[in-house]
Structure formats: structure tokens, C-alpha cells
Amino acid sequence: MPELPEVETVCRGLASCLEGRRIERVDVRRSGMRIPFPKGLASVMQGRKVTRVTRKAKYILMYLDDGHVILAHLGMSGRMVISSEKVSPGRHDHIVLTTNEATTIMFNDPRRFGLLTFTTDQELAGHRLLRDLGPDPLDRGFTPEVLSQSLRGRSTNIKSALMDQKLIAGLGNIYVCESLHWAGISPRRRSLSVPGLRAKRLVPAIKKILHEAILAGGSTLRDHIQPSGELGYFQHQFHVYDREGEECLRDTCIAKGVRIKRIVQSGRSTFYCSECQR
DNA sequence: CACTCTCCCTGAAAGC
DNA sequence: TGCTTTCAGGGAGAGT
């Protein structure tokens, strides 16, 4: 499922085939996904040159040369399938773009939790989907002090707090679980006990996990150009995520045969090791 | 305001 | 084997 590292990789893939190119054809194949496609979506994109493709948290931003910005979110099953050959769209290919270099980009999303809409340069920062987002965890400005400040006084558990996009924008279930494990912090711990020393471990842990995931995604980027491309899906070496009942791989746990646990917090599965995460 | 729950949707996997 | 049920997840909006 696409979280920040996957979205980052998707952005790089889109940038490589869209930046500086013109969108020649736009095929909108249904009325909407999580939200309806706005009126005039196709005509806004058609004939425009893409100047830049970037990311804000888990949102993809495609800047057009007339000041419009395409705003896309992959939800949990969304993919951007890039192909240099002619391909016929399938049931879940909801939007198909063709560039002046005959590259096809299909926004595929079986569960339709994703979205695609447009706004303008001017209105971007105040857009309702973006305005309440917290800092991006990979920004230089995301420091232990900043995290501490937003966790201070919060009584909810640290796992749910890190999932809250208003506090930090871009983490999802997988990378929250993995970051807490790397930092040795229990997901059950109350947020207000994290500021200070634990935040000093947690922030570098988050950055490290995200950077490694982006690197892993980056190495498979080449494959995305293939028609069968699996853009947005990567095999990662998880230490805790989806490993309930399996051994914790940490040095200090491996000899003891400690098992990964699964609990539910705020309606979401949390995977952790109760031995090395306190 | 802080926080949790529900819902949207489909495909994979588990259960019968 | 094949049908039915369960589960997963991001985030908006409702509910406590």
C-alpha cells in the first residue's frame, strides 16, 4: 500500500515521463473515485505541458504550464502504470493520459480509495485536502523538538498520534510500526511520555526507515517503465509489520525467540515486540 | 477540542 | 472444489 516512500517513488517515475512533456490525450473512464472527478478535468489537462511533479505528504502534485495543479492520492490500492507501448485500459484503469511522446500513464485503483482533482498554484496551500497537513517527516524542519511539541500533552498512544496526518504527514501503518520498532518505543506508550529523549531516538528512526524504503523503491524504478509495471508496489524487509507470531529479529531478542505481537489501536492493526519496545 | 468509530471498495485469503 | 465470509487500509465525517 502506498505510503510516503511509495508515493515518492511514483512521483519520480511520473516526473521522468511527464516533466517537460505535453498531455496530448486524457481519457476519464468513470465519474470519480473517492470523490467525484471535477467538471472539466480532462479539458484542464488536455494540451498542457507538465512543468513539475512533486509530492506533499502522500499527495502527488502535477504542475501544469498554465498555473493549474493536478492533485492525486493513491489511497491504498492506487498505482500509476507507465507504458511506452499502446495498451488497452482494463476495468480499474480510471484515467488514462497520453503524452506527446506516446507514453501512456494509467491511474489504476481497484478499491477507488484514491482521488484525482485539480486546483491552481494560488489556491494550493489553502486547499482543503492539504491545509491541515503536518510537517513532512523528511523535511529538515522535522526535528525532535518539533515532534515533541506536537506530542506534548497528548494522552493518546504514540502509534495513533504518528498516524495522525495533522501531526506528521506521510506515515502510514507500515512505517509507523517499523519506526517505533527501530526506535525501541512501545506503540502503546502515551504520546506525552515521548517528548525529550525518546523523540530524539524516534525522529532519526523515522527518517532512516523512510530513506531506506525510498532507496529500495528506487532500485526497482526501472521496472515501472514496463507495461506490466508494478509501480507503487515494493517488497520490503519488514521487521514487525505483518509478522505476528514470527521472531523478533533484533540482536537482543533473537536468542530468546521473542515473538512479534499484533494488537488493534484506533481500529488499525499494530505489530510490535513487547520485549525490545518499551 | 481530543479522540474513536464508521464507511467507502475490491481482491485475497480464510473458513465452511 | 467452490461458495461465503472476513479482513485490509487512508482519510472524511459523524459520534462520544
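Only this structure's heavy atoms are used, side chains among them; waters, hydrogens and symmetry mates stay out. Throughout, a chain's letter reflects where its sequence line sits, starting with A, and its residues are numbered from 1.
Atom-to-atom, CZ of A:Arg79 to P of B:dG11 comes out at 12 Å; the value is rounded to the nearest Å. One interatomic measurement links the two molecules: CZ of A:Arg111 to C1' of B:dC9, which rounds to 8 Å at whole-angstrom precision. Atom CG of A:Asn173 is separated from atom C1' of C:dC7 by 13 Å (rounded to the nearest Å). If you take CZ of A:Arg112 and C1' of C:dG9, they are 16 Å apart, rounded to a whole angstrom. We find that CG of A:Leu171 is positioned 13 Å from C1' of C:dG10, with the value rounded to whole Å. Rounded to whole Å, the distance from CG on A:Asp109 to P on C:dG9 is 16 Å. Remark: P of B:dC3 and NZ of A:Lys159 are 15 Å apart, rounded to the nearest angstrom. The nearest whole Å value for the distance from the CG atom in A:Leu115 to the P atom in C:dG13 is 12 Å.
Residue-level contact check: A:Gly172 touches the backbone only, with heavy atoms under 4.0 Å from sugar-phosphate atoms and none from bases. Within 4.0 Å (heavy atoms only), A:Arg262 reaches sugar-phosphate atoms of the nucleic acid but no base atom.
Inspection of the A:Tyr175 and A:Glu6 side chains reveals an N or O donor paired with an N or O acceptor under 3.5 Å.
Centroid-to-centroid, the aromatic rings of A:His94 and A:Phe107 stay 6.0 Å apart or farther.
Residue A:His92 has a polar side-chain atom (N or O) positioned under 4.0 Å from OP1 or OP2 of B:dG11. Note on A:Ser155: a side-chain N or O is less than 4.0 Å away from OP1 or OP2 of B:dC3. OP1 or OP2 of C:dG11 sits under 4.0 Å from a side-chain N or O of A:Lys58. In this model, the phosphate group of C:dG9 is approached by a side-chain N or O of A:Tyr241 to a distance below 4.0 Å at OP1 or OP2. Under 4.0 angstrom from either OP1 or OP2 of B:dT4 there lies at least one side-chain N or O belonging to A:Thr156. Distances shorter than 4.0 Å separate some side-chain N or O of A:Arg268 from OP1 or OP2 on C:dG10. Taking 4.0 angstrom as the limit, A:His73 places none of its side-chain polar atoms (N or O) nearer than this to OP1 or OP2 of C:dG10.
Taking a cutoff of 4.0 Å between a charged side-chain nitrogen and a carboxylate oxygen, A:Arg48 and A:Asp65 qualify as a salt bridge. Using a cut-off of 4.0 Å between Lys/Arg side-chain N and Asp/Glu carboxylate O, A:Arg262 and A:Asp242 are scored as not salt-bridged. A salt bridge is absent between A:Glu3 and A:Lys58; no separation between the charged side-chain nitrogens and carboxylate oxygens falls under 4.0 Å.
Comparing C:dA12, C:dG11, B:dG11 by their closest approach to the side chain of A:Leu129 singles out C:dA12. Residue A:Ser266 places its side chain closer to B:dT4 than to any other of C:dG10, B:dT4, B:dC3.
In this structure, A:Ser160 and A:Arg91 both approach DNA chain B, and ranking their closest nucleotides by distance from the 5' end singles out A:Ser160.
In the hydrophobic clustering of this structure, A:Tyr272 does not group with A:Ile206; members are Ile, Leu, Val, Met, Phe, Trp, Tyr whose side-chain heavy atoms approach within less than 4.5 Å, directly or through other members.
Judged by centroid separation below 5.5 Å and plane tilt below 30°, A:Phe113 does not stack onto the base of C:dG11.
One cannot find a donor-acceptor pair under 3.5 Å joining the base of C:dG9 and the side-chain atoms of A:Arg34.
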